[in-house]
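Input: a single structure, listed below in structure tokens.
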Amino acid sequence: MTVNLPPVYEPKEVEDKIYQFWLDNNYFYAAGEEGKKTFTIVIPPPNVTGSLHMGHALNNTIQDVLIRWRRMQGFDTLWLPGTDHAGIATQNKVEEHLASEGLSRYDVGREKFLQKAWDWKEEYHGRILKQLYKLGVSCDWSRERFTLDEGCSRAVREVFVSLYEQGLIYRGNYMINWCPRCHTAISDIEVEHEEKPSTLTHIRYQGIGWEGSIVVATTRPETMLGDTAVAVHPEDERYRHLVGKKVLLPLMNREIPIIADEYVDPSFGSGAVKITPAHDPNDFEIGLRHDLEVIKAIGDDGKMTPEMGKYAGMDRYEARERVVADLKELRLVEKIEEYSHAVGHCQRCSTEIEPLVSLQWFVKMKPLAEPAIKVVRDGKIRFIPERFTRMYLNWMENIRDWCISRQIWWGHRIPAWYCSCGEMIVSREDPERCPACGGKDLQQDPDVLDTWFSSALWPFSTLGWPDKTPDLEHFFPTSVLVTGYDIISFWVARMIFMSKAFMKDIPFEEVCVHGLVRDALGRKMSKSLGNGVDPLEVIEKYGADTLRFTLITGQAPGNDQRFRYENVEASRNFANKIWNASRFVLMNLEDFQPNGLPSALNRHQRWILDRFAEAVHQTTELLKKYELGEAAKVVYEFIWGDFCDWFIELSKVSLYGNEDQEKEKTKAVLYYVLEGTMRLLHPFMPFISEEIWQHLPRGDGDGALIRSPWPEPAEQLSDRLAREEMELVMQLIRSIRNLRSEIGIPVGKKAAVILRAPAKYLNLLRQEEVFIQRLAWVEQMTFIDNAERKPSQALTALVDEVEVYLPLEGIIDLAQEISRLEKELQVVEKDLAKVVAKLSNENFLQKAPGDIIEKEKNKQEELGLKREKLLARMAELKKL
RNA sequence: GGGCGAAUAGCUCAGUGGGAGAGCACCUGCCUUACAAGCAGGGGGUCCGGUGUUCAAAUCACCGUUCGCCCA
């Protein structure tokens, strides 16, 4: 065959074509073969709000590496793709879009709004799919799902109703986090806390029926309008006598009681705290314990409620200033101090959260959390790296009830109906009439469920649950979940408890946790900073393989990484290196027909096969441990270091020579290693590896690399002798190059070299002569054995027991050479001293393992020999 | 306040008990018929500080410093 590949790799010419080839041949399809061992991943469904960012690129690349590897290993492999409807996020986007036309969602109405949201979904869903194609992911697109599709919706309703029937879902007036901008309740974990400078205002409340007053401190003076008590610690001597007495709430002129509660920290501020049950989670709890009145001072819109007298309708921040001003006027402000405290913000829009009491739906968490804690404690689900187990348990063990209702329209509508007679119906089927009064005037609850409610069911809803489908039977539980640490509590934890509750099983066996992709300066990529890097742009410019390799090698399990173009370029260069090595091999494989490995391999051939076997072994072991970055580096080093720098260079001797038999053997090994290397590389760089593989003169003619077997670590290829001999040869070549460079002989200028070695090495050296000459640019090579006289005017080096001489009659600067050797001697002596110290340590000899002692002894011998030879050479030179 | 993590070459980071590594950057020399996105050679480190465990510590434990994240 003739090969005419361009010298620079062009991903654009290759990637789309190859992806289409995979799609056309249905290579991503999971057959679901009975009895075959499965490997399943469900994708963390990207939000249909926008486009994929670098974090998605990393997340999906990791999954694709694992999937491609396992597929090649022969597993019945399913990677199930899909997208998430992303309730609040998408709703916000659509509302923004409406706002640009001067409309609100109420202007268009629920039905039309939902139609717009679906349109939005269609558009962005298409965009996301295109991005995933570009990245090269091998998802089974025939099984793609969406959290709001018919099947997922049925699963959601089944779970909701079932939990309700078990008493694990309830509706009630409790403290929730309210986002005044999104105009909805959100769960605790959707609140982001940020430490902010603030003030602590000390306010004096006058006693009623007793002389004196009591001072309370607050960061939110405006909430005092809703105070219904002042609390002190029961043991606090300063206030004990006041418990049960009353104070006058200024501005509102309401009488409120002084109560005693353990919660109060006597050492904070004055030791007395104002209690606003409607606007503080802790105060709410205290209010329940003491049966306090709940007075809402701030409404859903973030403005003061109509009951707040002159403050009614005022924005909460404006009210804060006015309240303080008014209190000052009454001389009731004791002092205002600088203070720093954490303020909650909405995860979606960064608006300050308002804690308030509201009628919402909740999931009772304790009974669900327990089994979810147990499966992780018992090791049934393993987090990688292991430290994330503690993060998970820490969260699960301190879990509080989950507020699941959202006052938006885009999502799974809560399956509860209210009859005019007061009856509430929670049902799997939409009810026709009220079971209590028979009336037909039923109103469905307008709210929808938290997005994470549906994603919590993702591993089984996508496989067909609540139906008993073959896929569910075959592929569940899934093998591994790949996700960023930032959504362990949002998603991972919830999948675990939902799966335990409804599948009576774990959703996945392992959780592979990765970090965030940050910008080059280590900052989180964000829209507001504008420092995000679009994966598509990188793919456009450098190719998907390059992006994938950059992300994978930049990643250590669970750690964040920085995205830097220097690294992208390094990966691009690697791709080009692979391309050119393959070009070289292909150019030399004309008329070649693969027919397995030839017998009677020479040293180089045995060596590269040994290195290949080792690379296969290491890569496989590292992949098993989810050390993808290290695995990719092993492949990198094998290809660039062993294969390109050494084997290809060595192979040129026979390829350009006249011995046909050697030539054929070399071709066979080049083919064997390149073909195997493409398989090893494929999970990391699927496009270039498939492209090259398709160019190989394979006997079978068709097929695809993606469906080829993973290279097995081959014990019979391991060859210790070849390894050791080649180590010596390579070291010799390096030291000759080093000597040449030391005195500035350019590569183009051939040099003469004399090797002086004990007889046992001469055979090896003679066999390698022509290779050493080529790789070290040596013209004339002379061998002498230890008995013969050595050259005097020469630079020297020592490799094992072989002395290397670079004769330089008349050129050599004796003094300089002696000082060079002197320096080397110092290093040797320092190392030797360390070894001697170890070996003369009784404890070391007694307690260290045998192989370590053996190693040290060898080292001692080696260094001792080197020292002697250096001294001898120096003495000779000094005589001259 | 509770939990977790990080600190290693100029930069970005691998490396979890036995001779300090990579990529990039830097210096020197090279268009050597696969590749200048390349080849060859080189310089450069108190592995944050301290204490301890161990025959042996970048690695394990404890304390401290600095930085980051999560939770309250």
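Just the heavy atoms: all of them, side chains too, but no hydrogens, waters or symmetry mates, feed the values below. Letters A, B, ... are given to chains in the order of the sequence lines, protein chains preceding strands, and every chain is numbered from 1.
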Dot-bracket encoding per residue of RNA chain B, Watson-Crick/G-U cut-off under 3.5 Å, | denoting interstrand: (((((((..((((....[..)))).(((((.......))))).....(((((..]....)))))))))))).
Counting only heavy atoms from other residues, nucleotides and ligands, does the tally under 6.0 Å from CD of A:E861 exceed 12? no
A:E621 atom CD: more than 12 heavy-atom contacts under 6.0 Å: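 Yes - once you tally the heavy atoms of other residues, nucleotides and ligands closer than 6.0 Å, there are more than 12.
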Establish, from distance only, whether the side-chain atoms of A:S819 and A:E822 form a donor-acceptor pair under 3.5 Å.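 No donor-acceptor contact under 3.5 Å links the two side chains.
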Under 3.5 Å side-chain donor-acceptor pair for A:Y263 and A:D283: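 No pair is found: no donor N or O on one side chain lies under 3.5 Å from an acceptor on the other.
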Among A:F388, A:Y485, A:Y392, find the residue that satisfies the ring pair (Phe, Tyr, Trp, His ring centres under 6.0 Å) test when tested with A:F383.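 For A:F383, the ring pair (Phe, Tyr, Trp, His ring centres under 6.0 Å) test succeeds with only one of A:F388, A:Y485, A:Y392, which is A:Y392.
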Strand-adjacent residues in [range], judged by heavy atoms under 4.0 Å from RNA chain B:
| range | answer |
| --- | --- |
| residues 848-856 of chain A | A:A848, A:P849, A:I852 |
| residues 560-569 of chain A | A:R562, A:R564, A:E566 |
| residues 511-525 of chain A | none |

Sugar-phosphate, base or nothing in reach of [X], heavy atoms under 4.0 Å:
| X | value |
| --- | --- |
| A:A570 | sugar-phosphate |
| A:N576 | base |
| A:R390 | sugar-phosphate |
| A:D645 | sugar-phosphate |
| A:V835 | nothing |
| A:I648 | base |
| A:K633 | sugar-phosphate |
| A:E649 | base |

Which heavy atom of [X] sits nearest to which heavy atom of [Y], and what is that distance?
| X | Y | value |
| --- | --- | --- |
| A:A632 | A:F549 | O-CZ, 3.6 Å |
| A:V513 | A:G484 | CG1-C, 4.2 Å |
| A:L551 | A:F563 | CD2-CD1, 4.4 Å |

Geometric cation-pi criterion A:K633 and A:F638, 6.0 Å radius, 45° cone: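 A:K633 over A:F638 ring: no.
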Please confirm whether A:R390 makes a cation-pi placement over A:W395, using NZ or CZ under 6.0 Å from the six-membered ring centre and within 45° of the ring normal. no
Checking side-chain hydrogen bond (donor to acceptor under 3.5 Å, both in side chains) between A:S571 and each of A:T546, A:T550, A:D545, which is the one that passes? A:T550
Spacing of the [atom1] atoms in [M] and [N] (rounded, Å):
| N | M | atom1 | answer |
| --- | --- | --- | --- |
| B:A6 | B:U59 | C1' | 15 Å |
| B:A14 | B:A7 | P | 7 Å |
| B:U46 | B:A61 | P | 25 Å |
| B:G49 | B:U54 | P | 23 Å |
| B:C55 | B:G17 | C1' | 12 Å |
| B:C27 | B:G44 | P | 16 Å |
| B:U53 | B:C62 | C1' | 10 Å |
| B:C71 | B:A58 | P | 36 Å |

So, the side chain of A:D519 versus the backbone of A:G522: is there a donor-acceptor pair under 3.5 Å, distance only?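 Such a contact is found between A:D519 side chain and A:G522 backbone.
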Ignoring hydrogens and geometry, is there a side-chain-to-backbone donor-acceptor pair from A:W579 to A:P6 under 3.5 Å? yes
Without placing hydrogens or testing angles, list every side-chain donor-acceptor pair under 3.5 Å for residues 851-860 of chain A, not counting sequence neighbours.
none

Could you label the plane-to-plane angle of the A:Y671 and A:F592 rings as parallel, tilted or perpendicular, counting under 30° as parallel and over 60° as perpendicular? tilted
5'-most contact on RNA chain B: A:F490 or A:N394, nearest heavy atom basis?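 Its nearest nucleotide being more 5', the pick is A:N394.
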Please evaluate residues A:E630 and A:K625 with respect to the criterion salt bridge (Lys or Arg N to Asp or Glu O under 4.0 Å), reporting the C-alpha separation (whole Å), side-chain torsions for both, the decisive distance (0.1 Å), and the verdict. CA-CA 10 Å; A:E630 288 298 297; A:K625 292 192 280 183; over 6 Å; no
Where does the chain A footprint on RNA chain B start and end, counting 5' to 3' with a 4.0 Å heavy-atom cut-off?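 So the outermost contacting nucleotides come out as B:C4 to B:A72.
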Aromatic contact, A:F284 with A:H279 (centres under 6.0 Å): no
